[in-house]
Amino acid sequence: MAVPKSTIKIRTKQGKSVVEFEDHADWVNYTIQELVHAALRDTGKYIVRVTKKKVRKRTGRLLKNIQYWTRKKEGNLQVGFKPGGWYGMYQELGSEKQPKIGALASSVEENIDTIRSIQAQYLSALNNESKAMSMIGGEGSEE
């Protein structure tokens, strides 16, 4: 879906000038929603990659169970352990036998600037239609 160059059209019908207004609010809302989703998706990929480097490896099963979830409708991002990695909470929060590692929390806290730059590259694309459409298609920073 391309945005026309002009949102106001003036044309002549039988010698009379007719002005037509076109509404592009739906396209703008769609573009914003898709850019936010793409920004969250790449942020989630980055956080998972950094977190996997910090998690203590025993069997390697926990590394496979770190995941991110993005929800378009709500426009949010969740990063955590899948049900198969429920024991990851012991490394994250600590217990009597396991010292606290806090891999998820520290990954986010230490990389706030990188997360902001990832999201800024998507949201700055609002000014350029072709850049926005290429980013919505899944192009951007890859894992």
Side-chain angles (χ1 to χ4, degrees), residues 1-14 16-95 98-143:
M1 172 193 291
V3 175
K5 298 296 179 201
S6 174
T7 58
I8 301 173
K9 288 184 179 180
I10 300 174
R11 59 187 177 120
T12 307
K13 260 190 186 179
Q14 299 173 351
K16 296 181 181 179
S17 293
V18 178
V19 177
E20 293 180 2
F21 295 95
E22 294 183 7
D23 181 17
H24 297 288
D26 291 339
W27 185 88
V28 171
N29 287 334
Y30 168 79
T31 305
I32 290 171
Q33 183 181 21
E34 290 298 319
L35 283 171
V36 166
H37 182 70
L40 291 175
R41 185 178 58 234
D42 276 0
T43 302
K45 287 179 187 178
Y46 178 75
I47 292 171
V48 167
R49 186 172 54 237
V50 171
T51 302
K52 284 183 177 183
K53 292 177 185 176
K54 293 184 177 188
V55 169
R56 189 180 324 169
K57 300 174 189 173
R58 287 191 180 156
T59 64
R61 228 174 116 198
L62 184 59
L63 294 177
K64 296 176 187 172
N65 286 301
I66 299 172
Q67 183 178 346
Y68 70 92
W69 299 265
T70 58
R71 294 188 285 188
K72 267 189 194 182
K73 205 177 228 182
E74 293 84 3
N76 64 16
L77 168 70
Q78 295 177 348
V79 182
F81 301 104
K82 292 192 274 187
W86 59 270
Y87 51 89
M89 71 176 183
Y90 295 120
Q91 282 193 24
E92 184 68 22
L93 304 174
S95 68
Q98 174 73 39
K100 177 182 175 179
I101 294 175
L104 282 171
S106 64
S107 294
V108 173
E109 289 171 1
E110 294 169 1
N111 294 296
I112 292 289
D113 292 334
T114 308
I115 291 169
R116 285 183 180 154
S117 68
I118 290 170
Q119 293 186 353
Q121 79 182 21
Y122 282 94
L123 300 179
S124 66
L126 284 172
N127 298 328
N128 186 344
E129 175 193 354
S130 60
K131 185 177 177 184
M133 294 310 288
S134 69
M135 290 179 141
I136 288 171
E139 297 174 305
S141 62
E142 290 296 320
E143 192 173 359

Sequence neighbours excluded, the answer for side chain to side chain donor-acceptor pair (under 3.5 Å) partners of R71 is N76
Taken to the nearest 0.5 Å, the spacing of S95 OG from M89 CE works out to 8.5 Å
Nearest heavy-atom contact between K72 and Q33 is O-NE2, 3.5 Å
Note: N65 and G85 closest approach over all heavy atoms is CG-N, 3.5 Å
Within the distance-only criterion (no hydrogens, no angle test), does the side chain of Q119 pair as donor or acceptor with the backbone N or O of L40 below 3.5 angstrom? no
Derivation and outcome, side chain to side chain contact (heavy atoms under 4.5 Å, CB included), residues I47 and N111: CA-CA 8 Å; I47 292 171; N111 294 296; over 6 Å; no
Distance col, row N29:CG vs I32:CD1, nearest 0.5 angstrom, shows 6.0 Å
Rounded to the nearest 0.5 Å, the OG1 atom of T51 sits from the OH atom of Y68 at a distance of 13.0 Å
- Are any side-chain N or O atoms of E92 and backbone N or O atoms of L104, one a donor and one an acceptor, separated by less than 3.5 Å? yes
Between the NZ atom in K82 and the CG atom in L62, the distance rounded to the nearest 0.5 Å is 11.0 Å
Hey, does Q78 have a side-chain heavy atom less than 4.5 Å from the side chain of Q67? no
**Asked** Mind checking whether I101 and V55 have side chains closer than 4.5 Å, heavy atoms only?
**Response** no
Are any of the side-chain heavy atoms of F81 and I66 separated by less than 4.5 Å?
yes
What one should report as the nearest heavy-atom pair of Y122 and A38 is CE2-CB, 3.6 Å
Value for OH (Y87) from CD (Q98), rounded to nearest 0.5 Å, stands at 11.5 Å
NZ (K64) and NZ (K52) are apart, to the nearest 0.5 Å, by 10.0 Å
query = Heavy-atom count around K100 NZ within 6.0 Å, excluding the residue itself: above 12?
reply = no
Smallest heavy-atom separation, S106 atom then A103 atom, equals OG-O, 3.4 Å
Under 4.5 Å between any side-chain heavy atoms of D42 and Y46, yes or no? no
